[in-house]
Amino acid sequence: MLKSNTTFVTEFLFEGFSGFGWHHRLAFFAIFLALYFLTLSGNVIIVSIIHLDHHLHTPMYFFLTILSISDTCYTVTIIPRMLSDLLNPYHTIAFRDCVVQIFFYLTFGINNCFLLMVMGYDRYVAICNPLRYSVIMGRKACVHLASGSLGIGLGMAIVQVTSVFSLPFCDRFVIPHFFCDVRPLLKLACTDTTVNEIINFVVSVFVLILPMGVVFISYVVIISTILKIASAEGRKKAFATCASHLTVVIIHYGCTAIIYMKPKSQSLLGQERLISVTYTLITPLLNPLVYTLRNKEVKDALRRAMWQKPLSS
C-alpha cells in the first residue's frame, strides 16, 4: 500500500460505514440501493417526458433536463462505489481513482449549483420581463448558460483537485468518509495545508455565495412583481411556476452550505457523513420528485404518456 523507502500513499481506504455491524450495513445497502434506483429512474423519466412532449420544449424544462443529467452523473460518481464498500468495507481505492472521483464529483456538484442559479434567472425573466422572454432566453442563450455552468464546474474542479493532490500523503491512508472529498483528504496530508484550506474556502464561497446571492435577488424581485399582479388567480399561477425550483434550491444550497461553509472547528466527522449521505442520495432524488409532484405541466405530460395519448397533441 505504501511505496518502499518513501512511505507515500498510493492507495486510500474509506472508513465509510465500517464502524457499523454487518446487519446495519446490509440494511443501509438495501435502503441506499432503493434510493439510488429511484433517483436514476426518476431522472430518466423526467428527461424522457421532456424530450417527447413538445409542450415542455421551453427554456425552463431544457435546464431541468440538464440538471437531471448532471444529477445522474453526480450520483453515478459516488453511489456504486459506496454500495460496494457497504458489502465489503475494506476495499482500497487507488490514488488515481480517487483523483478521478473527486474531479467528477466536484464538476457535477458545482455545475448543479450554477444550473439552479440559471433556472432562477429564467424564472426572473419569465415573470418580470415576459414580453422579452423568448428573445432573452432564446435557444443560443440557453445553450451558453448551460455550457457556462459546466465550464465553471470543470474549472473549479481542476483548481480543487490540483490544490489537494499537490500535497504529500505519507503514512495516513484511511479517509474518514465514504468517498474522496476535499476536507477529509486535507486532513490526511503530512504538511501544512493552510494555503489549500484557504483555496478550498474561496472556491466554496464562489460556488455557493454567488449563486445563492443571484437566486435570492431574483426571488426578491420576482415576489415583488407577483404581489403587484391584480388577479388572485394570476398571483397563484405565478407562484406555482416558481414553487418547484425554490423547493429544490433551499434544500440543495442548504445542505451544501452546511457541509462546505461550516467552520473547521465545528466539523464533526459523523455529522458531516450523515449530511453528505443526505446531500448525495436525497438531493438528486428531490429533482424528479419535486418537479413531478409539484409541477402541473409535468404531471399533465405524465398523464398523457400513461394514457398512451400522443404526447404532441
Side-chain angles (χ1 to χ4, degrees), residues 1-18 36 69-86 88-114 149-208 256 259-260 264 267 269 272-273 275-277 279-281 283-284:
M1 198 171 297
L2 303 178
K3 292 181 179 179
S4 59
N5 301 326
T6 63
T7 69
F8 285 122
V9 171
T10 58
E11 292 179 330
F12 292 106
L13 177 69
F14 294 128
E15 183 179 314
F17 302 93
S18 58
Y36 181 51
I69 294 170
S70 183
D71 271 338
T72 301
C73 295
Y74 174 84
T75 54
V76 167
T77 301
I78 298 171
I79 306 304
R81 170 77 199 205
M82 184 186 75
L83 292 172
S84 173
D85 288 345
L86 279 168
N88 189 346
Y90 301 107
H91 277 163
T92 57
I93 182 170
F95 190 94
R96 180 174 55 188
D97 293 339
C98 188
V99 174
V100 171
Q101 186 183 61
I102 197 171
F103 173 76
F104 285 110
Y105 159 73
L106 290 171
T107 295
F108 293 115
I110 294 170
N111 181 46
N112 288 350
C113 287
F114 281 89
S149 297
L150 181 59
I152 292 172
L154 286 167
M156 293 297 99
I158 290 170
V159 170
Q160 287 278 59
V161 168
T162 303
S163 169
V164 171
F165 291 100
S166 62
L167 295 169
F169 297 93
C170 303
D171 55 340
R172 291 186 294 175
F173 62 92
V174 179
I175 300 176
H177 213 339
F178 58 89
F179 65 94
C180 291
D181 199 3
V182 177
R183 274 193 170 183
L185 282 165
L186 288 178
K187 292 173 182 177
L188 298 184
C190 52
T191 187
D192 180 60
T193 60
T194 302
V195 173
N196 308 81
E197 287 168 7
I198 292 171
I199 292 172
N200 178 48
F201 180 76
V202 170
V203 170
S204 299
V205 168
F206 175 73
V207 303
L208 281 173
T256 309
I259 295 172
Y260 294 104
K264 186 180 177 182
S267 296
L269 292 178
E272 283 193 359
R273 225 167 295 172
I275 296 168
S276 293
V277 169
Y279 179 67
T280 307
L281 274 167
T283 304

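Phe14 pairs by the ring-ring contact (aromatic ring centres under 6.0 Å, His included) definition with nothing, not counting sequence neighbours. Not counting sequence neighbours, Cys113 has no partner by the disulfide (SG to SG under 2.5 Å) test.
No donor-acceptor distance shorter than 3.5 angstrom exists from the side chain of Asn196 to the backbone of Val164, with no hydrogens or angles considered. Side-chain atoms of Glu11 do not come within 3.5 Å of backbone N or O of Thr92 as any donor-acceptor pair. Judged by distance alone, the side chain of Thr75 and the main-chain N or O of Thr72 form a donor-acceptor pair under 3.5 Å. Gln101 places a side-chain N or O within 3.5 Å of a backbone atom of Thr77 that can act as its donor or acceptor partner. Remark: side-chain polar atoms of Ser84 are not paired, donor with acceptor, to backbone N or O of Pro80 under 3.5 angstrom.
Note that CD1 of Ile78 is 11.5 Å distant from CG of Leu83, once rounded to the nearest 0.5 Å. Note that CE of Met82 is 4.0 Å distant from CD1 of Ile79, once rounded to the nearest 0.5 Å. Atom CD1 of Ile198 sits about 9.5 Å away from atom OG1 of Thr193, to the nearest 0.5 Å. The CG atom of Leu106 sits 9.0 Å away from atom OH of Tyr74, with the distance rounded to the nearest 0.5 Å. In this structure, CD on Gln160 lies 6.0 Å from OG on Ser204, to the nearest 0.5 angstrom. Put simply, CD1 on Ile110 and OH on Tyr105 are 9.0 Å apart, with the number rounded to the nearest 0.5 Å.
Between Val99 and Val161, the shortest heavy-atom contact is CG1-CG1, 3.8 Å. Residues Pro184 and His177 approach most closely at CG-CD2, 3.5 Å, considering heavy atoms. Between Cys98 and Leu185 the shortest heavy-atom distance is SG-CD1, 4.1 Å.
Taking 4.5 Å as the limit, every side-chain heavy atom of Asp71 sits out of range of all side-chain heavy atoms of Phe108. Between Val203 and Val182, the closest side-chain pair of non-hydrogen atoms is not below 4.5 Å. At least one side-chain heavy atom of Thr107 sits under 4.5 Å from a side-chain heavy atom of Leu150. Using a 4.5 Å cut-off on side-chain heavy atoms (C-beta onward), Ile175 and Cys180 make contact. Between Ile102 and Phe179, the closest side-chain pair of non-hydrogen atoms is not below 4.5 Å.
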Working for ring pair (Phe, Tyr, Trp, His ring centres under 6.0 Å), residues Phe173 and Phe95: CA-CA 10 Å; Phe173 62 92; Phe95 190 94; over 10 Å; no
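Sparse packing is recorded around CZ of Phe104, with 12 or fewer heavy atoms of other residues, nucleotides or ligands lying under 6.0 Å away.
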